[in-house]
There are 2 protein chains.
Amino acid sequence: MKEGPDIALVAASFGEPARANMLLALMSGMALTATELAREAGVTPATASGHLSKLDAAGLTLCEKQGRHRFYRLADPDVAHAVEALVTVAARVGHMRTRPGPRDEAMRHARSCYDHLAGHLAVDLFARWSKAGVLKSLDDRVDLTERGYGVLADRGIDLTQLAKSRRPLCRRCIDWSERRHHLGGGIGAAVLSLALANGWAQRKDKSRVVSFTPPGEKAFVEWYSI
Amino acid sequence: MKEGPDIALVAASFGEPARANMLLALMSGMALTATELAREAGVTPATASGHLSKLDAAGLTLCEKQGRHRFYRLADPDVAHAVEALVTVAARVGHMRTRPGPRDEAMRHARSCYDHLAGHLAVDLFARWSKAGVLKSLDDRVDLTERGYGVLADRGIDLTQLAKSRRPLCRRCIDWSERRHHLGGGIGAAVLSLALANGWAQRKDKSRVVSFTPPGEKAFVEWYSI
DNA sequence: TTCATAATTCGCTCGTGACCAAAGTATTTA
DNA sequence: TAAATACTTTGGTCACGAGCGAATTATGAA
């Protein structure tokens, strides 16, 4: 007997409908919460929690805790590659499953994450501000640079009022649709309310979707560009 | 709910230690018998039979019946690719299994398959004779061409005596080590006995291994070359 | 023919694991 | 502070399937 990779353990992790559905849902690259994955898999949150523990233990997923949410994503490209290979075989053989429909495309464009702006605009903003030296990332923390204070003041964000709040001024927040970090915390909330106040965007009913008007999007991008 | 590939069904086929061991054993490309796979997997033939039915049903393996043997091999490169992807993930995560040692290298070089010659020399012979028009393949059948009769007569194979035997004159036979077809049937047996009679090769004890002496191998290749 | 080997099918036991409801923990909101 | 939400843990049921031995079928060898 010799040593070799234990393919069975890994394959068994894929080989259960609930877990397979979760992994396929994660193939979009989005980080999903435990509850969302439960819905995708068609099981209760309790069952999903057990499955997610197994996936984590098997090293197939990574979990990022964020407030009362836990965002799961595929551990690395190798895992995604394995899923793809299995999909290829399954498709060739003709085995099909029922699968939840595609996500609402509008949700991918711009969302509000609780009370701050998310979506690809928010990700872009975060990336630009990081690059421009407005924000400074350190591990999980994100802080405003000195220059950042000035930049925000110029753009009508009242920092003195924000500082009084107990919530952290800056925080990274995984974006659902873009799966990259964007700006949460007090500034994120302030940016969103500013965009809403200026009429650049508006909430749709009670959903989390935030729609920018075409001129509003243009104005917003101009606003946050350095 | 929409249609999609059922990855779970395929993955579950991999996700059982016995089946995983079988598939890994087949990754060498060799076609293995049910009993051999049972030994590889560490289960009884009865259990192995059930697993092999499942693998066949899942489209992961193909089975070729041959006498009282059933040779199994991976269905196609996609399956091998999926196994590789799973191995990659398993290895990265560090999950290891116990695995049977490598096969006897001597067995790969030349074997006798019941009573006819197998191994890479036999495969080479089969390929050359096919190319030279001595043999003509049609589906599973292999027949001697008219020219083939002459070629064999020149080389000391008595066809009239062979024709009296009930067994088919020519038959393809999967080679274990080379996984390609070689020549079975009466001619295959005759070739082997000729090689043994000429002292080019000899059986080792009661095993199926046939060893060619270096000059014997040379003479044998010369003999079957057109 | 009779015997041996390869493989399958059958009947059965037993362990694993998927599942849910309910209770518990943590975190945010009000 | 209390209430709501997200998630986990616990306890329990239940079904699937892996495993084996024995009997059966099929093929090859003597």
Side-chain angles (χ1 to χ4, degrees), chain A residues 8-9 11-22 31-39 41-58 61 63-72 113-116 165-168 171 173-174 176 184-186 189 208, chain B residues 8-9 12-22 31-39 41-58 61 63-72 112-116 165-168 171 173-174 176 184-186 188-189 206 208:
Chain A
L9 196 150
S13 302
F14 290 90
E16 204 284 323
R19 288 195 292 266
N21 284 333
M22 290 176 173
L32 300 176
T33 66
T35 309
E36 285 176 316
L37 288 168
R39 205 182 54 238
V43 294
T44 63
T47 303
S49 179
H51 284 310
L52 290 167
S53 304
K54 285 200 179 89
L55 289 176
D56 259 18
T61 56
C63 178
E64 193 162 343
K65 202 174 168 183
Q66 193 164 108
R68 55 184 166 184
H69 292 288
R70 295 212 177 165
F71 286 87
Y72 289 88
C113 182
Y114 306 117
D115 62 355
H116 57 272
S165 164
R166 279 180 327 177
R167 71 193 297 193
R171 204 176 49 188
C173 179
I174 295 177
W176 289 11
R208 287 202 315 240
Chain B
L9 196 151
S13 302
F14 290 92
E16 206 284 324
R19 287 195 292 266
N21 283 334
M22 290 176 172
L32 299 176
T33 66
T35 309
E36 285 176 316
L37 288 168
R39 206 182 53 238
V43 294
T44 63
T47 303
S49 180
H51 285 309
L52 289 168
S53 304
K54 286 200 178 87
L55 289 176
D56 259 18
T61 56
C63 178
E64 192 161 344
K65 201 174 167 182
Q66 193 163 111
R68 55 183 168 184
H69 293 287
R70 296 211 178 165
F71 286 87
Y72 289 87
S112 65
C113 182
Y114 305 117
D115 62 355
H116 55 274
S165 163
R166 280 180 326 175
R167 68 194 299 191
R171 205 175 48 185
C173 179
I174 295 179
W176 290 11
K206 287 203 60 105
R208 286 203 315 241

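Throughout, a chain's letter reflects where its sequence line sits, starting with A, and its residues are numbered from 1.
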> Are any of the side-chain heavy atoms of B:T33 and B:Y72 separated by less than 4.5 Å?
Replying inline: no

> Within this structure, what is the CZ-to-P distance between A:F71 and D:dA6, rounded to whole angstrom?
Replying inline: 11 Å

>> What's the separation between atom OG1 in A:T61 and atom CG in A:L37, rounded to the nearest 0.5 Å?
In response: 9.0 Å

> For the atom pair CD (A:E16) and CG (A:L55), what is the distance rounded to the nearest 0.5 Å?
Replying inline: 9.5 Å

>> For a quick test of reading the model, state the closest non-hydrogen atom pair linking A:A18 to A:A41 and the distance between them.
In response: O-CB, 3.4 Å

> According to a strict under-4.0 Å criterion, is B:K65 in side-chain N/O contact with OP1 or OP2 of D:dT27?
Replying inline: yes

>> Rounded to whole Å, please give me the gap between OH in A:Y72 and C1' in D:dT8.
In response: 9 Å

> What's the shortest heavy-atom distance between A:A20 and B:A8, and which atoms?
Replying inline: CB-CB, 3.7 Å

> With the sugar-phosphate defined as primed atoms, P, OP1 and OP2, and the base as all remaining atoms, what B/S/- string results for nucleotides 12-21 of chain C, 5' to 3', for protein heavy atoms under 4.0 Å?
Replying inline: ------SSBB

Taking only nitrogen or oxygen atoms into account, show me every contact under 3.5 Å that the protein makes with nucleotides 1-5 of chain D, one pair per line with its distance.
unit_1, atom_1, unit_2, atom_2, d
D:dT5, O4', A:R68, NH1, 3.2
D:dT5, O2, A:R68, NH1, 3.4

> What's the CZ-P distance between B:F14 and D:dA18, to the nearest Å?
Replying inline: 15 Å

> How many angstroms lie between atom NZ of A:K54 and atom OG of A:S13, to the nearest 0.5 angstrom?
Replying inline: 9.0 Å

> Out of curiosity, B:R39 CZ to B:M22 CE, how far, rounded to the nearest 0.5 Å?
Replying inline: 11.5 Å

> Is a side-chain donor or acceptor of B:R70 paired with a backbone partner of B:T35 at a separation under 3.5 angstrom?
Replying inline: no

